[in-house]
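Beneath this line is the structure, given in structure tokens, with notes to follow.
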Amino acid sequence: VRFEDLGLPAEPTVSVNSARVQATVAKGVDGQRTAAAKVLLLSGFNTIDVEGDAHVLDVDYLQLDGEPGDAAPAPEEKGG
């Protein structure tokens, strides 16, 4: 996630499939910073939430990188 706080210190929180992810924040250029994390996504649908902090921040974009075959198997559904 590339972001910038707007006056007061703030960092986004990232959750993947309802689990909060520990992100590493690094300084970028022109006051922008990046929050990066490596997670194993499920096969099929996934939910990625980027939430704000106590103070306002500007999220520029969310970038997803991966390799084919990196997905975890989807949990099995119990049938009736």
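Only heavy atoms go into these numbers, but all of them, side chains included; no hydrogens, no water, no symmetry mates. For the single chain, residues carry numbers from 1 onward in sequence order.
Atom CG of L57 sits about 10.5 Å away from atom NE2 of H55, to the nearest 0.5 Å. In this structure, the separation between CG on N46 and CD1 on I48 is 6.5 Å, given to the nearest 0.5 Å. If you take CZ on F3 and CG on D58, they are separated by 10.5 Å, rounding to the nearest 0.5 Å. Atoms CD and CD, from E51 and E11 in turn, are 14.5 Å apart once rounded to the nearest 0.5 Å.
When the side chains of ILVMFWY residues are joined at heavy-atom separations under 4.5 Å, either directly or via intervening members, L64 and V14 end up in a single hydrophobic cluster. Follow the hydrophobic side-chain contacts under 4.5 Å out from L62 and you reach V21 in the same cluster. Placement of V59 and V16 within a single hydrophobic cluster is found when ILVMFWY residues are connected by side-chain heavy-atom separations under 4.5 Å, directly or transitively.
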Atom pairs and distances, donor-acceptor, side-chain atoms in residues 27-42, under 3.5 Å, two or more places apart:
unit_1, atom_1, unit_2, atom_2, d
Q32, OE1, R2, NE, 2.9
Q32, OE1, R2, NH2, 3.4
R33, NH2, D5, OD2, 3.1
R33, NH2, A10, O, 2.8

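The environment of CZ in F45 is sparse: at most 12 heavy-atom neighbours from other residues, nucleotides or ligands sit within 6.0 Å.
The backbone N or O of S15 sits nowhere less than 3.5 Å from a side-chain atom of D49 that would complete a donor-acceptor pair.
Side-chain atoms of E4 and D60, non-hydrogen and from C-beta on, never get closer than 4.5 Å to each other.
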